[in-house]
Undergrad: 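Take this structure first; my questions come after.
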Amino acid sequence: MAKFRLVHTSFWNDPRVVEEMTAEDKYFFLYLLTNESTTQIGIYQITKKQIAFDLGYSPESANALLQRFIEHHKLIRYNPETREIAIKNWGKYNLVRGGKPILDCVKSELKNVKDATLIEWVGESVPNDSIRNVYESHYDTCHDTSTIRNKSEESSNTNGSYVTSHDTSTISGQEQQQQQDKQQEKEEEKEQQQEEKEVGQSVSSSSDFARLVEFTNQNITPVLPTIAEHLGYILDDFKDVDLILAALQNAVLNNARNKIKYAEGTLINWRKDMITTYQQLQLKAKEAQRDERNSQSYEPHSNNEYDGLSL
């Protein structure tokens, strides 16, 4: 399926959106509907740290918004164990029309859902009968399988053992199931370790981005999505957040008209001077100050782009 998501213009006229949601709520809800992890079924796996990173929020702020949409707006559910999120009215806008390609995609993606209760919850709001039947059928299958497994476990606990002279086929089946469960647990643990590794690599980037957003909010302009995206590009390009902050500070000190563009131009000039880290900038500034003292220059104002930087 093509990787795009529908957002109806009626979103902005919805009474709940207009009357109950703040500007931040609307931004967060649009993210939940359109981020890269979304699926065709309205249930997808995503970590809280990933949400914070994508939005440029602190983990605490992202978690607070998540809880607000769960408890106050009641538009989503989140399973912290499986890291799955479900959007209640997803099907209302994205699953209106049926057809074999849609049904095949829904069936395929439902197989990856670990928390079957989310399937039932989202399926209730799917307007198309054929698609809703797929949700219900898949949930019933998962529910029946879970019930049988629970009864087997209860029976095992009650009777103590399945081992009898005439029950070897049952034992064999149970051993096979146990091996499959262990293999699945290993695979899930491996996936979780890989995810934690990737998140660990992005934590520092998330923290750096948050520093840029905070500085820009306090000293330049409110960080709208377009500005946040621009800051993200600058961070990806120049890497060193302290160097970028120094360039932004330089733009503020020079009262530049477009301070972010001015800072980006400063970073480009520094790069041409072989300055790619804040440490190198500090050394360059100290050299400039030493040269100025040696030349006994006492001009009241200097145009040197390294002057005025906090070292």
Side-chain angles (χ1 to χ4, degrees), residues 2-14 16-18 20-38 44 46-66 68-69 73 75-76 85 87 90 93-94 199 201-271 276:
K3 192 70 170 182
F4 66 91
R5 304 297 174 220
L6 295 176
V7 178
H8 283 228
T9 56
S10 59
F11 171 88
W12 301 104
N13 298 322
D14 189 299
R16 295 188 66 178
V17 174
V18 174
E20 299 179 18
M21 290 190 184
T22 65
E24 192 171 39
D25 286 344
K26 295 171 186 176
Y27 173 49
F28 185 69
F29 195 32
L30 286 173
Y31 167 78
L32 295 179
L33 293 171
T34 60
N35 73 78
E36 191 174 6
S37 298
T38 57
Y44 57 91
I46 192 169
T47 65
K48 294 180 180 179
K49 288 183 179 179
Q50 184 64 48
I51 293 173
F53 176 73
D54 287 345
L55 295 175
Y57 288 159
S58 66
E60 293 77 15
S61 297
N63 186 60
L65 278 168
L66 203 61
R68 177 172 170 80
F69 271 77
H73 294 306
L75 290 173
I76 66 171
I85 195 168
I87 301 173
W90 176 268
Y93 299 112
N94 292 276
V199 168
Q201 292 172 346
S202 66
V203 166
S204 59
S205 297
S206 176
S207 176
D208 291 345
F209 184 73
R211 290 176 62 193
L212 292 181
V213 170
E214 182 181 6
F215 181 89
T216 305
N217 264 323
Q218 293 178 356
N219 300 280
I220 300 177
T221 183
V223 178
L224 300 175
T226 53
I227 296 175
E229 185 178 17
H230 193 177
L231 291 173
Y233 288 146
I234 292 175
L235 182 59
D236 289 341
D237 191 10
F238 294 95
K239 311 300 182 185
D240 191 324
V241 66
D242 291 318
L243 186 71
I244 299 171
L245 287 171
L248 289 170
Q249 184 184 32
N250 190 46
V252 173
L253 290 173
N254 284 279
N255 197 27
R257 183 176 180 181
N258 189 328
K259 295 178 176 60
I260 297 177
K261 285 279 189 181
Y262 186 94
E264 190 172 14
T266 301
L267 288 164
I268 292 172
N269 289 335
W270 287 346
R271 178 183 283 171
T276 58

Undergrad: Looking at side-chain heavy atoms only, is the closest gap between N219 and L248 below 4.5 Å?
TA: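 Side chain of N219 against side chain of L248, heavy atoms only: no contact under 4.5 Å found.
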Undergrad: Supply the atom-to-atom distance L267 CG to F238 CZ, rounded to the nearest 0.5 angstrom.
TA: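 These two atoms lie 4.5 Å from each other.
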Undergrad: Look up atom CG in L32 and atom CD1 in I76, then write down how far apart they are to the nearest 0.5 Å.
TA: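 With rounding to 0.5 Å, CG (L32) is 5.5 Å from CD1 (I76).
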Undergrad: Would the distance check show the side chain of S10 and the main-chain N or O of N13 forming a donor-acceptor pair, the cut-off being under 3.5 Å?
TA: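 Here the side-chain-to-backbone pair does not exist.
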Undergrad: Could you walk me through whether L33 and W90 pass the side chain to side chain contact (heavy atoms under 4.5 Å, CB included) check?
TA: CA-CA 8 Å; L33 293 171; W90 176 268; 4.2 Å; yes
Undergrad: Report the distance from atom CG of L66 to atom OH of Y57, rounding to the nearest 0.5 Å.
TA: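 The distance works out to 13.0 Å.
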Undergrad: Shortest non-hydrogen contact from L75 to F29?
TA: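 Looking at all heavy atoms of both residues, the shortest contact is CD1-CZ, 4.0 Å.
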Undergrad: Please assess H230 against T216 for the test side chain to side chain contact (heavy atoms under 4.5 Å, CB included), listing each intermediate value before the final yes or no.
TA: CA-CA 12 Å; H230 193 177; T216 305; over 6 Å; no
Undergrad: Is it the case that the side chain of N269 and the backbone of T266 share a donor-acceptor pair, with hydrogens and angles ignored and the cut-off at 3.5 Å?
TA: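 No, because the side chain of N269 does not come within donor-acceptor range (under 3.5 Å) of the backbone of T266.
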Undergrad: Return yes if some donor-acceptor pair links the side-chain N/O of N35 with the main-chain N/O of Y31 below 3.5 Å, else return no.
TA: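 Flag set: sc N35 to bb Y31 pair under 3.5 Å.
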Undergrad: If I take atom CD from residue E229 and atom CG from residue L224, how far apart are they, to the nearest 0.5 angstrom?
TA: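 Nearest 0.5 Å value for the CD-CG distance: 12.0 Å.
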Undergrad: Walk me through it: do Y44 and I87 pass the test side chain to side chain contact (heavy atoms under 4.5 Å, CB included)?
TA: CA-CA 9 Å; Y44 57 91; I87 301 173; 4.1 Å; yes
Undergrad: Kindly compute the distance separating CZ (F11) from CG (L30), expressed to the nearest 0.5 Å.
TA: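 Result: 4.0 Å between the selected atoms.
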Undergrad: State whether K239 and D208 are salt-bridged, where the test is any N-O pair (Lys NZ or Arg NE/NH1/NH2 against Asp/Glu carboxylate O) under 4.0 Å.
TA: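 Not counted as a salt bridge, because no side-chain N and carboxylate O are separated by less than 4.0 Å.
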Undergrad: With rounding to the nearest 0.5 angstrom, report the OG1 to CG distance, T276 to L243.
TA: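 Output value for this atom pair is 7.5 Å.
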Undergrad: Stepwise, does the side chain to side chain contact (heavy atoms under 4.5 Å, CB included) test hold for I244 with L212?
TA: CA-CA 8 Å; I244 299 171; L212 292 181; 3.6 Å; yes
Undergrad: Any donor-acceptor pair under 3.5 Å linking the side chain of N254 with the backbone of N250?
TA: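 Answer holds: yes.
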Undergrad: Which heavy atom of E20 sits nearest to which heavy atom of H73, and what is that distance?
TA: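 Taking E20 first and H73 second, the nearest heavy atoms are O-CE1, 3.6 Å.
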Undergrad: Should we say atom NZ of K26 is surrounded by more than 12 heavy atoms from elsewhere, each under 6.0 Å from it?
TA: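 Correct, the count exceeds 12.
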Undergrad: Any sub-3.5 Å donor-acceptor pair from D14's side-chain atoms to R16's backbone N or O?
TA: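 Yes.
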